[in-house]
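The structure displayed is predicted, hence computed values, not measured ones. In what follows, chains carry the letters A, B, and so on, assigned in the order in which the sequence lines appear, proteins first and then strands, with residues in each chain numbered from 1.
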Amino acid sequence: MDKRIACHCCDLLHEVRPLPPGGVALCARCGAILYRYKRNPLDRTLALALTGLILFIVANSFPFLAIEKAGLTRQMTLATGIFELYREEVYLVAALVGLTTVLLPLVELCALLYVFAPLRLGRRPRLLAPVWRVMARVRAWSMMEVFMLGILVSLVKLASMATIVPGVAVYAFGALIIVLTAAFAAIDPHLVWEALENR
Amino acid sequence: MSETTEQPQATEVVVRRRRLPSLIWIIPIVAAVIAAWLAVKAVNDRGPVITIRFDSATGLEAGKTKIRYRDVDIGLVEAVRLDEDLTHVLVSARMDRRAAPFLVDDTQLWVVRARVAAGEVSGLGTLFSGAYIALAPGRGKTPAGHFIGLETPPALTGDQPGRKFILKTKRLGSLDVGSPVYHRQIQVGRVISYHLSDTSEEIELGIFIEAPHHERVRTGTRFWNADGFDFALDANGLRVDSESLLTIVSGGIAFASPDPTKAGEIAGENSQFILHPNRRASMEPVHQLKQRYLLYFNESVRGLAPGAPVEFRGIRVGQVVSVELEFDTDKMEFRIPVVVEIEPERIRLTGDGKLYPEDLAPKLIEKGLTAQLKQANLLTGQLAIALSLEAKGSRPTPGKNDPYPRIPTIPTPFEELAGTVTRILKKIDDLPLDRIASGVERDLASLDHTLKAATGTLESFDSTLSGLKELTGNLDRELAPAAKTAIEEMQRTLKELRANFGSDSPLSSDARQALEEFSKAARGIRDLTDYLERHPESLLRGKKGTAP
Amino acid sequence: MSPTAKEAGLAACHVCNRLIPVSELAATGHRCPRCGASVHLRKSDSLARCWALVLAATIFYFPANLLPMTHTGFLGKVQSDTIMSGVLYFFASGSWPIALVIFIASVFVPLLKLLVLAYLLISVQRRSHWRPAERTRLYRMTEIIGRWSMVDIYVVTILVALVKLGALANIEAGPAAPYFALVVVLTMFAAMAFDPRLIWDRMGDEGN
């Protein structure tokens, strides 16, 4: 296997060398992160992806937020927002929100499980290459953490007007963001590349 | 030394596979446990789904309309769809688990919208929130899943303590479901239903009296229709009754027990009562025994109307039922049959008890009872019927077609009436009206004078006040504060006095107006007496210009 | 200094970092032999694509900021809010941290992104030598913060879904919402289309 790596930012070629625990390899010229030290990568990635899937189900099936005002209450789930936008014929926004907060995170989770469950069991998933490619593309468009910020801003916006009660799903959603980030951080791409090489 | 030293053999390490899975797996396990617990809880909290049938789905929205009991949400409408035969709307709703015990066969559900009816405005909140379905739990024990929704809010919900009664009446008036029932002008219940009785002759009203007031309904309690003002202009003069201003608009029922000592026992559920047309009618003692008699008059009965009292020595013993006009084609003459109702129970009987009330009237007729028209109210011209034993009349000859036994009548001597009138006229004539009127005028002038004098006095009060003010200035420094407040008090009183008696003050202008009014009336009386002196007959026949 | 991959005659796969000799690229159909992703020495048409997307985003930036983002009905009174009027409302009502967050995420960041990308494009085209490391860092920053502009879209989504209280209070999405979404998406695509290696390439051309 090629022991060299090109910086994705400035194209400088580097020799790959082993890292100490917790270490990070940076580009010598532009400072971009090239690779990190990974500990127990397969178990971590897989466990966190599984946790993520459970949290995803909870976040999407339980009430997200509830508003109370003058004895009136209204609950929403994640899907309610997308549905209301769709009903108001703001299709582009509805589609964008649906993709970035529900569909693409789900794709990411499924891709993680599809890639790492077989790898953990010492097998190579059949569609490893295309799934891996899709996952790399999707990452930039999964914006759950931005959505979380949106929730916080909405809470402050509505706090003076009505009482907002966060539901179980909000907590699940917050945990999902952390877990998914941790899952991606735990990935050691070299393992995947090795698996791709050994076909 | 052996040969083995020349080529040292490296032993391969024993590789042991990890026995326990990595600790990281605790995270998904914890997540799974929490998710499972949430799921189980959610499933457990899900109550039953019920369906409700309504005539229309106005204001009902799937996923939005709530079902509420005492303003607490206990369910949510999940779907609104048409019945198979397209005549009704079926609403299915997911209920809370807590609501499950309420869902019995006699539970009532209705749609709450903004509503203005029967003297109350309800559901204003729904203008903002949209309609909701209200629930009143029933008392039944059988669980149910299908309900027929009510189109109007029920006047009576099953969980309210109290008692139902039935009132019978001939006319509904302005009463409606929801009309209030008053006791001593406090609302204690309401009308919950009305329908024609089986014979269609009466209306049966269902009323509900809330606990603890239902115990005030005794067997001897009287109910009356309290719709609005009760005007009555009769031989007894004008009377006005009104239970509550609200009943003028929406109608209402009131009840009371005429004689608390004879109120009787507490009335049971669904006891029947008569709804009297007004308070007075309800308060009259009920006389079961009513005997009808026929009276024939030949003179004018102008002023005699059904309901007019029948009196014996000035005490009421019955009333006139009908007044008609008959023409006898054989004799070619008019006569006026008057049917009266005598209530013999009004007369207390003393003696050995051999005579029963029902035999009293025939006995008296035998002894020469006669009937006669009598002025009951000089001003209104109402007539009454006076019975007497003194005047001797001819014995009645029972007619062949008389529906009732007859009481002989004796004509009212015109002189008697006229005599009365002349006597009255003479009295009026004798009144020193001129002097009264001029006296009133004099009084007015002197009052005016007094008022002026009062104003003068007030002016002098005013100067006194300023003097006092000066004095208080002095006192301020010299006297104790207590004395000062006393003087200030006095000052205030004086000011008020001035305000009340000053020439423009309300009190004095009121008095002046009243006096003017009075002098106008006095002038009117003088005009009247002048007219009567010239046309005494107008007292009997009315003023010429207006007489028919 | 060691050579770049290009100088060594190698192209790096963007997905799996595999180095492929440029001479073999044509033979593999510009596909990575390891993961199958398309491989080019540099992102194809980077400058033109990036310019096109930046210009499109700039055009949409105006309706996104001038048209109302939400229509708020409160007790029968309808009020339309643009992004800026929302910021001013929060600033006036004293919650300036929120005002700042919305301002930075919704107004400042998209504008900054457009300006930064335009600057990077111009600097690459002018073969600037000025501080390539800093310019690369600037590019990485725009790529990271760009997604946070979506926050206003999400706020609108949540408000629209939650505030549906009949006549009491009702919020609907305004016409600016799709334009704003387009600005965010287009600037993200623009940032992706830009190839930061060009910053160093052009410099190398001149330097040698």
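Heavy-atom pairs under 4.5 Å with chain C were tallied for A:I151, A:T80, A:T100, A:I82; the largest tally goes to A:T100. Heavy-atom pairs under 4.5 Å with chain C were tallied for A:L34, A:L149, A:L152; the largest tally goes to A:L149. Between chain C and the options A:C30, A:A140, A:P130, A:A136, heavy-atom pairs under 4.5 Å are most frequent for A:C30. Between chain A and the options C:E172, C:E134, C:R140, C:M150, the largest number of non-hydrogen pairs under 4.5 Å is found for C:R140. When each of A:P189, A:A32, A:A94 is checked for heavy-atom pairs under 4.5 Å with chain C, A:A32 comes out on top.
Just one of C:I153, C:I158, C:L159 meets the side-chain contact (heavy atoms from CB on, under 4.5 Å) condition when paired with C:V155; it is C:L159.
In this structure, the portion of C:V101 lying under 4.5 Å from any heavy atom of chain A is its side chain and not its backbone. In this structure, chain C has heavy atoms under 4.5 Å from both the backbone and the side chain of A:E145. Interface residue C:V185: backbone and side-chain heavy atoms are both found under 4.5 Å from chain A. Heavy atoms of A:L158 lying under 4.5 Å from chain C belong exclusively to its side chain. In this structure, chain C has a heavy atom under 4.5 Å from the side chain of A:V90, while its backbone stays farther away. No part of C:Y139 comes within reach of chain A, as not one of its non-hydrogen atoms sits under 4.5 angstrom from that chain. Both the backbone and the side chain of C:T157 come within contact range of chain A, judged by heavy atoms closer than 4.5 Å. Using a 4.5 Å cut-off between heavy atoms, A:C7 contacts chain C through its backbone alone, with no side-chain atom that close.
You'll find the ring centres of C:F91 and C:F103 outside the 6.0 Å limit.
How far OH of C:Y89 is from NZ of A:K157: 9.5 Å, rounded to the nearest 0.5 Å. Note that NZ of C:K43 is 8.5 Å distant from CE of C:M192, once rounded to the nearest 0.5 Å.
Enclosure of atom CZ in C:R42 by more than 12 non-hydrogen atoms of other residues, nucleotides or ligands within 6.0 angstrom is indicated. Within a 6.0 Å sphere centred on CZ of A:R139, other residues, nucleotides and ligands contribute more than 12 heavy atoms. More than 12 heavy atoms of other shown residues, nucleotides or ligands fall within 6.0 angstrom of atom CZ in A:F62.
The aromatic rings of C:F189 and A:W141 sit tilted, their planes meeting at an angle between 30° and 60°.
C:R135 places no side-chain N or O within 3.5 Å of a backbone atom of C:L120 that could act as its donor or acceptor partner.
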